[in-house]
Peer 1: 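Quick one: structure below, then a few questions.
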Amino acid sequence: MARTTPHDHPQTDDQPLYWRIATRLLAELRDGTVPPGERLPGERQLAEHFGVSRETVRQALEVLRRDGLVATDRRGSHATLPGRPVEDPVSLAFPVGVRSADPCAVDRATVTWETPPPEHAAALGLAPHRPTLVHRYESAAPDGRTLRTAVTSFSAVALSEVEELGRYRDRADGSATAQLRRAYDWMRRAGLALHHRDSITHATDAASVRVTRRVHDQYARPLEITDLVVDAQQDALVYEFTLPAAG
């Protein structure tokens, strides 16, 4: 008889708690919140995230591990779903413009829960010293030279209405990698229309270009603000976007 997995049946209240947690975790893995190969949060963080005990998390991970959906090694547990998360053909990579022109560049992205830069707080309508989700991206050349950096702060609206973003609050310790490249897709799936305005200026050192992007929804509510700095002498600033067909 074929073995069933948490994905084979809808979640019901009569299933064991660990099975329901395995189902919820699998859903997060499938929607790309944790891409294949990326390390999962630790047992303590997962227990806090789902509001259960660490033993329940261990049992849930064992269910997924048994079915080949999660693997554990000396780095910890990580997703092993086949292939990359399914993406819509009209996807916009987050943040737009961060992709380096150097194919050998090494990228790193993390998230923290902290007070954003004052100009970000003002743009998002946040009270002074109120923390929010802050995403940091850096792309470096093989010789260690920084090619691009980006700092993004999200609004309370984005975190409350976009479920996938809200999940990151519990794992925003700045240590684990965080791939939010589907953030704009998540916003659109939450029913938010995206409008952005870009301001491009020379950075202080004159060798870099700064792009400030402000994104708001169809109700003019701010969603995020990003400051992207590019080494203008060594790197090309490329914007890619695709507009969905009408209807």
Peer 1: Do L194 and D217 touch side chain to side chain, with heavy atoms closer than 4.5 Å?
Peer 2: no

Peer 1: Can you run down the salt bridge (charged side-chain N to carboxylate O under 4.0 Å, His left out) pairs that involve residues 111-123, sequence neighbours left out, and say none if there aren't any?
Peer 2: E114-R136

Peer 1: Test of understanding: with side chain to side chain donor-acceptor pair (under 3.5 Å), list the residues that count as partners of T152, not counting sequence neighbours.
Peer 2: T226

Peer 1: About how many Å separate CG of L180 and CG of L165, when rounded to the nearest 0.5 Å?
Peer 2: 6.5 Å

Peer 1: Does anything in residues 121-135 form a salt bridge (charged side-chain N to carboxylate O under 4.0 Å, His left out)? List the pairs, not counting sequence neighbours.
Peer 2: none

Peer 1: Does E138 use its side chain to pair, donor to acceptor, with the backbone of V106 at less than 3.5 Å?
Peer 2: no

Peer 1: Does the side chain of R167 come within less than 4.5 Å of H49's, by heavy atoms?
Peer 2: yes

Peer 1: Can you list every salt bridge (charged side-chain N to carboxylate O under 4.0 Å, His left out) pair that touches residues 149-161, not counting sequence neighbours?
Peer 2: E161-R221

Peer 1: Could you tell me which residues satisfy side chain to side chain donor-acceptor pair (under 3.5 Å) with T149, sequence neighbours excluded, listed by chain and number?
Peer 2: none

Peer 1: Which pairs, with at least one residue in residues 42-52 and sequence neighbours excluded, count as a salt bridge (charged side-chain N to carboxylate O under 4.0 Å, His left out)?
Peer 2: E43-R54, E43-R58, R44-E48

Peer 1: Only counting residues at least two apart or in another chain, list the ones meeting side chain to side chain donor-acceptor pair (under 3.5 Å) with S53.
Peer 2: T56

Peer 1: I want to check something: taking the side chain as every heavy atom from C-beta on, are E224 and Y184 in contact at a cut-off of under 4.5 Å?
Peer 2: yes

Peer 1: Please round to the nearest 0.5 Å and tell me the distance separating atom OG1 of T110 and atom OH of Y168.
Peer 2: 11.5 Å

Peer 1: List the residues meeting ring-ring contact (aromatic ring centres under 6.0 Å, His included) with H216, not counting sequence neighbours, and say none if there are none.
Peer 2: H195

Peer 1: Linking Ile, Leu, Val, Met, Phe, Trp and Tyr through side-chain heavy atoms less than 4.5 Å apart, which residues share a cluster with V134?
Peer 2: V151

Peer 1: What pairs with A60 under side chain to side chain contact (heavy atoms under 4.5 Å, CB included), at least two apart in sequence or on another chain?
Peer 2: I21, A22

Peer 1: Does S139 reach the main-chain N or O of D107 with its side chain, forming a donor-acceptor pair under 3.5 Å?
Peer 2: no

Peer 1: Looking at every heavy atom in both A123 and I225, which two are closest together, and how far apart are they?
Peer 2: CB-CD1, 3.7 Å

Peer 1: Are side-chain heavy atoms of R210 and V230 found at a separation under 4.5 Å?
Peer 2: no

Peer 1: Do L133 and W113 touch side chain to side chain, with heavy atoms closer than 4.5 Å?
Peer 2: yes

Peer 1: Could you tell me whether the side chain of S155 reaches within less than 4.5 Å of the side chain of T132, counting heavy atoms only?
Peer 2: no

